Every structure is written in C-alpha cells, then in structure tokens.
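Contents: one structure, followed by commentary.
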Amino acid sequence: PWSVVQTMAFRQTLARLGGGGHFHYPQHVWTPAGGWWPSPANWKRNTAVAIAGIGAVQFCLSIYSSANERRPMAPKNYIPSQGWCKYAKEDDPTLGGTVDE
C-alpha cells in the first residue's frame, strides 16, 4: 500500500507532466480538427453518415466500372472482375458461353 507522502508525490508528478485537468485555451482559435479536446455530440451519427456516403460513392463507381470495363487483349489468368463485367465474354473467348446481343 502507498503511503500518504507517495500518493501526494504521485499527484504532483501527474500535474507537472500534463496529467492535470483541462487548461484554459483561447476561444477565438478555430481548427478543422475540432480544437482542444473535441467531443462532438453526434459523433456516432456523423460517422455513420460519412460511412454511408463513402459506401454509396463506392457502389456507384463499381456499377460504372463494371458497365464500362473492356479488355482489348484477353488476360493470361482469370481476373475476378470478369465474373461481373458486362463485356467479359466478348473480350475473352476462353470464358465460354454465348454473347448476348
């Protein structure tokens, strides 16, 4: 068990090393990161909205990519995107199947 002297010395050390409470800071300073000790009220909702937005953009880009992906030369190995690419059977005759047109 710690003695009273050790406990007081530990508390003084924490205060000197930055372990104390929040200090006063200028209110007129604006930072894009949120300033000192940011803790936004709706951080969970904001994070969910950001993730949903990124997911929607990724979905739109993947749909556009699969609709426009062309390979002028047939690849030597199988490429996973050939499974959902619109022109895969036209561009690579080794895939088999009929060309729908």
Side-chain angles (χ1 to χ4, degrees):
W2 283 27
S3 68
V4 174
V5 175
Q6 286 176 324
T7 304
M8 290 179 64
F10 181 71
R11 287 184 182 165
Q12 289 174 353
T13 303
L14 280 180
R16 274 185 272 141
L17 295 176
H22 292 195
F23 55 85
H24 294 289
Y25 55 89
Q27 297 291 321
H28 64 277
V29 176
W30 179 87
T31 62
W36 290 269
W37 306 292
S39 183
N42 297 324
W43 72 268
K44 290 181 183 179
R45 180 187 57 89
N46 295 344
T47 303
V49 168
I51 290 172
I54 290 170
V57 169
Q58 278 184 323
F59 178 75
C60 293
L61 286 175
S62 66
I63 295 296
Y64 177 79
S65 174
S66 67
N68 295 316
E69 180 178 350
R70 296 300 305 252
R71 298 188 186 280
M73 291 181 13
K76 293 179 182 177
N77 300 322
Y78 178 73
I79 298 175
S81 68
Q82 288 177 316
W84 57 81
C85 176
K86 182 177 179 181
Y87 299 106
K89 293 179 183 175
E90 292 177 26
D91 294 342
D92 189 2
T94 62
L95 290 176
T98 61
V99 176
D100 297 331
E101 281 199 359

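These values consider heavy atoms only, across backbone and side chains, with no hydrogens, waters or symmetry-generated copies. This is a predicted model, so every value here is computed, not measured.
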Applying side-chain hydrogen bond (donor to acceptor under 3.5 Å, both in side chains), which residue pairs with at least one partner in residues 47-66 are found, sequence neighbours left out?
none
Using links of under 4.5 Å between side-chain heavy atoms of ILVMFWY residues, direct or through other members, which residues join [X] in one cluster?
{"X": "Leu61", "answer": "Val57"}
{"X": "Ile63", "answer": "Phe59"}
{"X": "Val49", "answer": "none"}

Can you tell me which residue pairs pass the salt bridge (charged side-chain N to carboxylate O under 4.0 Å, His left out) test with a partner in residues 53-69, sequence neighbours excluded?
Glu69-Arg71
Side chain to side chain contact (heavy atoms under 4.5 Å, CB included) filter on Asn42, not counting sequence neighbours, yields Arg45, Asn46
With distance as the sole test, does Gln82 use its side chain to make a donor-acceptor pair with the main-chain N or O of Ile79 at under 3.5 Å?
yes
